[in-house]
Student: 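Can you keep this structure in mind? I'll have questions shortly.
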Amino acid sequence: MPGAGAGSRGDPAYNREMDALGLYVHIPFCQTKCAYCDFAVVVGRDRRQAEYVAALVHEIRVWGAVLGRPGVSTIYVGGGTPSLLPAAQIATLLDACREAFVVQADAEVSLEANPGTVDRSVLRALRDAGANRLSLGVQVFDDAALQALGRLHSADEARRAVDEARRAGFDNLSLDLIYGLPGQELAGWQQSLDEAVQLAPEHLSAYGLTIEPATEFGRRLRLGKLAPLNQDLAADMYEAADETLGEAGYRRYEIANFARPGFECQHNLGYWRNQPFLGLGMGAHGSTVVARFGNHRRLNAYLSQMAGWQGPRFAAPCVPEVGGPIAWVEALDRATQLAETAILALRLAEGLNMAAFEARFGERAEERWATTIEELEALGLARIEDGALRLTARGRLLGDEVFTRFLLER
Ligand code: SF4
């Protein structure tokens with residue numbers, strides 16, 4: 001993170017980081033908790049919504065002042081269910097970002113919304129507030145599966161939300177899909193993919209279900225009431241997504257993300273290119289590349305810590321200290337920074353560009369991870385092409401196995 005103790009404005013490294021700063025704004029409220037959800041959420045239309053927005057505005061202002069009103073290229077309002085907030089409160093948050101930071105005129109401003117929580121007038125108000133990209137949590141076009149996931153919307157509501165978003169003027173629309181659900185067959189997933197393609201969004205994310213222990217699905221799994229995931233079927237579903245979306249003109253630019261050319265999510269590209277970002281709000285995470293840090297995950301703790309907060313102290317350049325809303329900080333040694341940069345880059349179709357890595361870190365990736373790269377090539381999991389290391393199709397399926405190797409060879 002650029003900012004107090006992070007170098008002077010004349011420092012080229014400082015300015016490079018400034019240009020790339022992304023803001024993530026977390027809205028924790030949800031109508032119910034979905035059976036697979038492991039996020040920091042507050043269930044119900046909490047009467048503390050207005051108090052939360054005021055605290056967030058304060059956090060946005062404090063960070064903007066501490067960092068000297070730096071440039072921002074992307075804002076992502078996620079959750080939770082941001083569309084549960086009145087559009088006026090979203091506008092208040094975006095205005096606060098523009099006052100506290102120099103938000104580029106062409107900045108990508110994404111907003112997550114759940115079908116069933118938006119109509120055309122709300123969407124129009126969100127568009128007027130400055131949101132220029134909408135990400136709809138569709139998941140699947142199958143009412144029984146949606147119910148099993150604990151989602152409140154129907155497939156019809158998802159179709160309607162897409163239509164309403166278009167009519168409200170959103171010309172950059174993303175649909176989130178999920179596969180590997182309990183009882184889901186390949187044919188059912190294929191039908192959801194086909195429906196999604198027919199709706200012609202600019203961007204699609206297709207994530208495989210993971211069952212975390214602290215979720216309702218995790219509990220059912222422990223009790224033997226849910227069958228463990230069938231990894232072979234999940235792999236087939238991933239391949240079906242890759243093929244269907246590829247044939248429909250979407251380019252897979254990240255393991256689980258597909259876009260029409262020019263509609264890749266710039267905010268998330270910033271994460272995968274290991275650029276600094278600020279996470280604002282309850283449970284939100286930030287990264288300075290040399291450290292990552294996160295806010296309190298409980299609403300009461302976040303709100304009480306925000307009252308009168310003056311901003312973080314810095315233990316070292318770009319390493320904030322725990323205090324105020326910041327509940328934890330992890331300073332990263334150089335080996336970890338380099339490994340994380342490689343791992344994140346490998347998620348992308350563009351891969352790990354060797355020349356860019358050397359220019360950034362003054363070290364050659366092909367020397368640092370000589371053994372790892374040789375083994376990955378021998379196993380058919382990755383290959384070097386046009387100066388970049390990229391995962392193969394098999395490597396994408398076995399990503400975790402590949403990534404661990406970069407952490408082990410230090
Ligand atoms: S809507 Fe999203 S954030 Fe909210 S409970 Fe469901 S999965 Fe979690």
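In listed order, ligands and their atoms are each counted from 1.
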Student: May I ask whether Q31 places a heavy atom under 4.0 Å from ligand 1?
Tutor: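 For ligand 1, residue contact (heavy atoms, under 4.0 Å) with Q31 is absent.
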
Student: With ring centroids as reference points, do Y24 and Y271 lie under 6.0 angstrom apart?
Tutor: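 Y24 vs Y271: aromatic centres not under 6.0 Å.
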
Student: Checking D156 against S154: is there a side-chain donor and acceptor pair closer than 3.5 Å?
Tutor: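 Per modelled atom types, S154 and D156 side chains form no pair under 3.5 Å.
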
Student: Of all the non-hydrogen atoms in the protein, which one sits nearest to atom 3 (S) of ligand 1, and at what distance?
Tutor: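 Protein heavy atom at minimum distance: G80 N, 3.2 Å.
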
Student: Should the pair Y52 and F29 be assigned to parallel (<30°), tilted (30 to 60°) or perpendicular (>60°) ring geometry?
Tutor: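 Taking F29 first and then Y52, their aromatic rings stand perpendicular (interplane angle over 60°).
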
Student: Would C37 count as a contact for atom 4 (Fe) of ligand 1, in the sense that one of its N, O or S atoms lies under 2.8 Å from it?
Tutor: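 So C37 does not count as coordinating atom 4 (Fe) of ligand 1.
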
Student: Write out the residue and atom name of the closest protein heavy atom to atom 6 (Fe) of ligand 1, then the distance separating them to 0.1 Å.
Tutor: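 Residue, atom and distance for the closest contact: C34 SG, 2.4 Å.
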
Student: Please state which protein non-hydrogen atom is closest to atom 2 (Fe) of ligand 1 and give its distance, to 0.1 Å?
Tutor: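 Minimum-distance protein heavy atom for atom 2 (Fe) of ligand 1 reads R151 NH1, 3.8 Å.
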
Student: With a 4.5 Å cut-off on side-chain heavy atoms, are E254 and N268 touching?
Tutor: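 When only atoms from C-beta onward are counted, E254 and N268 do not touch, as no gap falls below 4.5 Å.
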
Student: Return yes when T32 approaches ligand 1 closer than 4.0 angstrom through a heavy atom, no otherwise.
Tutor: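 T32: in contact with ligand 1 (<4.0 Å).
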
Student: Going by the atom numbers of ligand 1, which of them fall below 4.0 Å from some non-hydrogen atom of V41?
Tutor: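 Counting from 1, the qualifying ligand atoms are 3 (S).
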
Student: Would the number of heavy atoms belonging to other residues, nucleotides or ligands and lying under 6.0 Å from CD of E185 be above 12?
Tutor: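 No, the 6.0 Å shell around CD holds no more than 12 heavy atoms from other groups.
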
Student: For ligand 1, which atoms, with element, lie under 4.0 Å from some heavy atom of C30?
Tutor: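 So the answer, numbered in order with elements, is 1 (S), 3 (S), 4 (Fe), 5 (S).
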
Student: Please say which of L177, L199, L193 ends up in a side-chain contact (heavy atoms from CB on, under 4.5 Å) with L204.
Tutor: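 Only one option passes, and that is L177.
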
Student: Near Y36, which atoms of ligand 1 are under 4.0 Å from a heavy atom of that residue?
Tutor: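 So the answer, numbered in order with elements, is 7 (S).
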
Student: Give a yes or no on whether the backbone of T74 and the side-chain of Q266 come within a donor-acceptor separation of less than 3.5 Å.
Tutor: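 No, the answer is negative, given that no donor and acceptor are paired below the 3.5 Å cut-off.
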
Student: Could you tell me, atom by atom, which parts of ligand 1 come under 4.0 Å of a heavy atom of N114?
Tutor: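 This gives 1 (S) as the contact atoms.
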
